[in-house]
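Heads up: the structure comes next, in structure tokens.
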Amino acid sequence: MKVLAAGVVPLLLVLHWKHGAGSPLPITPDNATCATRHPCQSNVMDQIRNQLVQLNSSANALFVLYYTAQGEPFPSNLDKLCRPDVTDFPPFHANGTEKARLVELYRIVAYLGASLGNITRDQKVLNPNARSLHCKLNSTSDTMRGLLSNVLCHLCSKYHVANVDVAYGPDTSNKDAFQKKKLGCQLLGKYKQVIKVVAQAF
Amino acid sequence: MAVFAVFQTTFLLALLSWRTYQSEALSEPLPLTPESLKVSINSTQQCLHLQWSVHSLAYHQELKMVFQIEISRFNTSNVIWVENYSTTVKWKQVLHWNWESELPLECATHFVRIRSMVDNARIPEPRSWSSWSSWEEVDERNSLGHGALFVFPKDKLVEEGSSVTICSISRSYQNNVSCLLEGVQMRGEQLDPNVSAFHLNNVPFIRETGTNIFCTTGRGDGTGTVLFVSKVLEEPRDFSCETPDFKTLHCTWDPGSDTGLPKRQPSQSYTLFESFSGKKILCEHKNWCNWQVAQDSQEMYNFTLTTENYLRKRGVNILFNLTHRVRPMTPFNVVFKNISDTNATMTWQVHSIGNYSTLFCQIELHGEGKVIQQHNVSIKVNGNYLLSELEPDTQYMAQVRCGDANHFWKWSEWIGKNFSTLEAAPSEAPDVWRNVKSEPGYQTVTLFWKPLSKSHANEKILFYNVVIENLDEPSKLQLHSIPAPANGTKLTLDQCSYQIHVTANNSVGTSPASVIVVSGDTGNKVEEERVNVTEDGFSMSWKPQPGDVTGYVVEWCDHPRDLPCDLQWEKLGPNTTSTVISSDAFIPGVRYNFRIYGISTKRIAYLLEQKTGYSQELAPSDNPQVVMSNLTSHSFTLSWKDYSTESQPGFIRGYHVYLKSKEGECHPGFEKAILPDDSVSCKYKIYNPEQKTFVVENLQPESFYEFFVTPYTSVGEGPLDAFTKVTTPDEHSHLLIRIILPTVFCVLLIMIICYLNSQWMKEKCYPDIPDPYKSSVLSLIKSKENPRLTIMSVKDCIPDAIEVINKPEGSKIQFLGSRNSLTDTEITQPAYLYLLPTEKNSSGPGPCICFENFTYNQAASNSGCCGHVPVPPEAPSQLGLLTSPENLLKVLENNYMNSLGEIPAGETTLNYVSQLVLPLSRDKDSLQTDPPVPALCSEYKMQMAIPLGLASPPPNEKSSVSSVTLLDQGEPHH
């Protein structure tokens with residue numbers, strides 16, 4: 001429970017520092033008011049694109065670094081242990097409207113941010129000496145947080161969307177070590193796959 | 001009423017006591033059946049946890065009982081474990097018992113039942129078991145949740161080398177599960193249609209983050225588990241405790257391997273327990289711990305060091321007397337006092353270990369990185385020691401350590417400090433030697449000295465003083481100051497005797513003087529001997545000198561081939577008559593010369609012996625230049641007089657003369673030898689190194705020989721060079737020379753004489769024909785004016801007959817001049833015609849045919865071949881005259897032949913049938929009319945051609961009378 005509190009919950013609190021955080025967030029009705037603390041920068045959409053490009057360019061390296069750090073049998077059984085079968089992963093439709101794509105992007109980034117928090121926490125226990133992996137995970141999480149903030153700002157300023165209902169991946173704190181490694185590998189495989197599509201869509 | 005009540009109560013109590021007694025005394029089995037059995041699973045420990053109670057116990061009753069527990073797996077009939085558990089049971093007590101399963105409990109249904117028996121000695125045998133409790137079933141498989149495959153145990157912590165059983169549960173019956181440990185397949189066992197077990201013996205330690213075990217059914221993805229393997233907890237080694245001050249005990253040990261696993265198992269802990277005091281402390285460090293000594297004068301200590309982790313616990317024990325475990329603290333305050341050039345006093349202090357304790361201290365003096373002095377001293381609190389026999393101006397390091405003198409246990413740590421002794425004047429005179437070269441009128445003395453050792457120099461040497469004292473004039477002193485680090489100087493002195501003092505000086509003072517005397521005497525010359533060489537060096541000895549000798553000096557050069565040769569010397573005492581000279585500079589193949597001098601009481605050195613030798617002889621490196629001389633048909637002489645035997649890499653012992661001949665036979669004195677190139681040669685040995693000539697004899701004339709001369713030493717001969725080739729001359733050639741040369745000489749002499757006398761011979765044999773026009777007779781005739789008298793002209797000679805032979809073909813002669821035909825010109829302008837040979841016959845002999853021009857021209861007669869030159873019938877040598885280009889040009893210039901056409905050569909040929917001499921009285925008119933009279937032409941024989949018309953008619957136009965007929969040399973004459 002302590003682990004849970006130190007991992008996902010603070011992340012969620014940071015991401016949704018307002019009333020109602022932690023529960024599925026409905027899209028704000030069009031007539032609802034949406035206010036941001038600071039006005040979005042004019043090039044926020046460019047920033048979003050750049051952040052997506054950055055995440056896409058580093059996703060594969062993070063994936064390789066991860067499964068290498070887990071040791072055998074992960075590097076030699078990627079098809080069985082790291083298959084991107086994440087059933088509850090938020091969908092993304094590249095041919096949708098910009099607003100719809102931004103909303104879906106928000107859900108994906110929120111999902112990934114929480115999952116990366118779990119993976120980072122687990123790897124600090126399972127592979128405490130894998131410094132480069134920890135660094136890469138932290139860097140990706142930081143970029144993810146910035147992206148989430150920009151997407152939310154853009155949704156709010158342009159489309160007046162203040163709240164988006166999001167879903168999170170399974171909590172791995174009660175899983176055994178092998179399951180933690182496997183779920184993390186699957187998630188990063190999925191992340192590598194999805195971020196490429198998303199980056200191309202923007 | 002009250003009495004009744006008391007009675008009744010007493011009766012009931014008595015009855016109760018009786019019943020109790022009855023129940024114990026009668027040994028009747030009590031129905032104490034275990035009840036309320038509950039079974040649970042501790043997955044982490046893989047334990048079945050049982051708890052039950054015995055309800056039938058009386059209030060506050062304690063009863064020793066035995067519980068028999070049966071455990072079955074998969075079904076109740078498959079009993080896998082039976083164990084009796086004895087304990088004392090109290091009233092209302094809940095009993096607990098654990099059983100650790102080898103197979104993960106999640107993989108199988110387990111059934112447990114229990115029964116009991118009173119284990120009381122007052123109850124006689126046989127005692128009986130209670131009835132079994134009902135089977136309690138535990139099955140975790142129902143709570144596994146969704147999933148196709150499960151692997152247990154999860155995240156199990158085991159020791160390296162232990163055995164582990166992994167089990168898998170598959171939801172499908174058809175799936176064959178296989179499990180891999182780091183890529184290596186594990187051997188499995190099917191326990192149930194859904195359950196497989198994999199036994200893993202001697203688990204290896206692979207990494208701190210765990211060993212992955214991966215199981216798959218071959219379809220879909222797989223799953224696995226992580227086995228956390230830790231190092232085996234080792235027993236602490238070298239556990240010991242010691243005190244520096246009777247206040248604390250410092251205990252140390254070697255912990256061995258760290259069994260910690262990050263986030264899984266902390267490193268093993270260490271606990272120190274002292275049994276006499278009953279105190280226990282948890283050590284903060286993994287290899288040492290401090291224990292506070294009690295103030296109650298406890299002397300004996302019994303320590304138990306216990307180490308443990310999640311998996312194991314180990315301990316070691318030591319028992320000791322505190323006073324026997326004293327290791328003093330490191331001394332302090334080390335100071336050096338009263339430092340002089342050779343002494344220093346070292347003082348130090350130690351921490352007190354008791355009022356009456358004595359410490360035993362050890363002092364070490366280090367110089368140049370090694371221990372040069374070691375001393376022991378006993379002290380109480382303050383220590384001091386006088387370090388003596390030190391070298392001046394030297395840096396030292398002195399250190400001290402102490403131990404308990406009463407019950408020595410261990411030395412304290414060293415404490416040291418550097419110090420330097422004071423400087424001093426050089427303590428020893430420099431070792432001086434000299435080299436004297438006497439020249440007419442003066443002597444050159446070169447002084448050499450060796451640098452003083454550090455122990456003798458006592459400080460850096462600044463300069464050397466050389467004082468020269470003329471022994472013949474003691475008042476004359478010269479002082480030369482040579483700055484260091486020079487190791488010699490050169491002096492030019494006259495032929496007087498001199499005493500030379502050499503001293504070394506540093507900043508403190510002057511060393512004792514080294515004195516040598518040189519005199520103008522050049523010394524005696526001694527024979528040079530060869531020196532023996534041993535493994536240690538050159539071993540030499542000399543005869544002891546009669547009289548007073550203060551010592552001997554052996555002198556040599558380390559590099560005799562260089563200049564300067566690096567003069568070395570060794571001074572020896574007066575009683576020494578042998579020594580072994582060795583030097584790292586000695587190299588094989590170099591001749592070293594040693595001179596042994598005796599030193600007189602007047603310090604004059606005189607040469608005793610000279611020795612020479614090689615540290616190691618080598619074979620000659622080159623061969624002599626051999627000159628061959630006196631080559632005859634049977635011998636020749638070889639000489640190599642320029643070859644020096646002194647500068648060779650070994651003592652030349654002689655020479656080998658190799659001779660090769662075609663016959664391959666060796667001459668007397670030669671022996672067959674196989675050369676390094678495997679060729680066979682004849683070898684002659686010359687045993688005298690000074691014999692540098694050799695006569696090779698018994699050779700065959702006109703034979704080919706090869707020779708080669710090489711020197712040899714004790715090691716071998718020189719390199720194999722090319723053989724020199726020589727061929728002996730013919731045996732009679734000299735005879736021929738003796739005959740032919742004089743003969744040739746004589747012939748030449750005769751020829752010279754003949755030549756010289758040729759004029760005489762000419763005059764005698766064939767004198768010059770006098771020119772009649774130049775004859776003195778003419779003057780006589782002119783003077784007499786007799787017109788009839790004339791001189792016979794050769795032109796008047798008419799050949800009697802000419803045979804003209806027509807030739808069908810022949811070469812044509814190209815005449816220079818115009819194209820007019822000869823016929824034309826013959827008629828109008830008679831002239832001398834020159835018959836020119838063709839190129840074809842230029843080399844061959846040919847006759848000269850002239851046609852008379854009755855108008856005689858003196859110039860022409862002198863210049864042409866038709867002049868007054870006799871032409872014999874066979875006189876081809878005269879052609880040269882005819883073909884003389886000068887003559888021809890003269891003729892042409894005088895227009896004797898103005899124009900001539902081409903005349904086919906060979907059409908006609910003239911043959912002289914005879915030659916006639918005209919009578920001197922005839923004139924020109926009568927020549928054609930008078931028949932010729934055959935007669936000898938006196939001394940003049942003139943060959944002439946007559947006009948063709950006189951001989952025969954011309955065959956054609958071209959063959960006119962005046963035409964020139966050419967003789968083809970290629971055709972035969974008739």
Side-chain angles (χ1 to χ4, degrees), chain A residues 2-4 6-7 65-89 118-134 137 170-190 193, chain B residues 43-44 46 104 106 140 143-158 166-168 175 177-186 204-229 260-267:
Chain A
K2 287 181 179 178
V3 176
L4 180 66
L65 197 57
Y66 180 88
Y67 69 68
T68 305
Q70 310 316 308
E72 282 298 328
F74 286 88
S76 56
N77 291 276
L78 293 178
D79 56 332
K80 294 176 180 172
L81 294 172
C82 303
R83 193 158 49 195
D85 292 339
V86 185
T87 53
D88 55 351
F89 200 85
N118 288 336
I119 292 171
T120 306
R121 177 202 60 201
D122 293 340
Q123 287 302 307
K124 284 182 179 174
V125 175
L126 296 171
N127 289 299
N129 298 323
R131 308 281 182 212
S132 57
L133 175 62
H134 302 160
L137 286 168
D171 181 17
T172 57
S173 60
N174 58 349
K175 304 285 184 183
D176 63 90
F178 196 90
Q179 285 300 311
K180 287 175 181 174
K181 292 180 178 182
K182 183 181 174 184
L183 289 173
C185 199
Q186 287 178 326
L187 188 278
L188 291 178
K190 182 71 176 178
Q193 188 183 65
Chain B
S43 294
T44 307
Q46 285 190 25
E106 295 89 344
E140 286 285 305
S143 59
L144 292 179
H146 302 289
L149 185 67
F150 301 90
V151 178
F152 295 99
K154 297 291 184 186
D155 303 346
K156 185 175 177 63
L157 178 66
V158 296
I166 308 294
C167 71
S168 67
N175 289 338
V177 179
S178 63
C179 291
L180 302 173
L181 172 67
E182 295 290 327
V184 179
Q185 188 143 7
M186 300 164 65
F205 173 85
I206 295 176
R207 64 180 78 85
E208 289 181 340
T209 55
T211 303
N212 296 321
I213 294 172
F214 174 54
C215 297
T216 179
T217 59
R219 291 186 297 179
D221 58 353
T223 187
T225 186
V226 179
L227 211 57
F228 293 93
V229 183
L261 295 176
K263 310 289 183 182
R264 293 289 160 184
Q265 174 179 259
S267 296

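Just so we're on the same page: letters track the sequence lines, and every chain starts at 1. Any value given below was found using the heavy atoms of this structure, including those in side chains, with hydrogens, waters and symmetry copies removed.
- In plain terms, the two heavy atoms of A:Pro128 and B:Thr209 that are nearest each other are CD-CG2, 4.0 Å.
- Contacts between A:Asn77 and chain B at a heavy-atom distance below 4.5 Å involve the side chain alone, from C-beta outward.
- The part of B:Ile213 that comes within reach of chain A is its backbone (N, CA, C, O), which places non-hydrogen atoms under 4.5 angstrom from that chain.
- The contact between A:Gln186 and chain B is made entirely by side chain atoms (from C-beta outward), counting heavy-atom distances below 4.5 Å.
- The two residues A:Lys124 and B:Lys263 come nearest to each other via the heavy atoms O-CE, 3.7 Å.
- Separating the CG atom in A:Asn129 from the CD atom in B:Glu208 is a distance of 6.5 Å, to the nearest 0.5 Å.
- In this structure, A:Asn127 and B:Pro262 have side chains that are not in contact, with every pair of non-hydrogen atoms separated by 4.5 Å or more.
- Residues A:Pro73 and B:Asn212 come closest through the heavy atom pair CD-CB, 3.5 Å.
- Remark: side-chain polar atoms of B:Asp155 are paired, donor with acceptor, to backbone N or O of A:Ala177 under 3.5 angstrom.
- Counting heavy atoms from C-beta on, the side chains of B:Arg264 and A:Leu126 come closer than 4.5 Å.
- Nearest approach of A:Phe178 to B:Val226, heavy atoms of both residues: N-CG2, 3.6 Å.
- The distance from the NZ atom of A:Lys181 to the CZ atom of B:Phe214 is 13.0 Å, given to the nearest 0.5 Å.
- Taken from NZ in A:Lys80 to OG1 in B:Thr223, the straight-line distance is 12.5 Å, to the nearest 0.5 Å.
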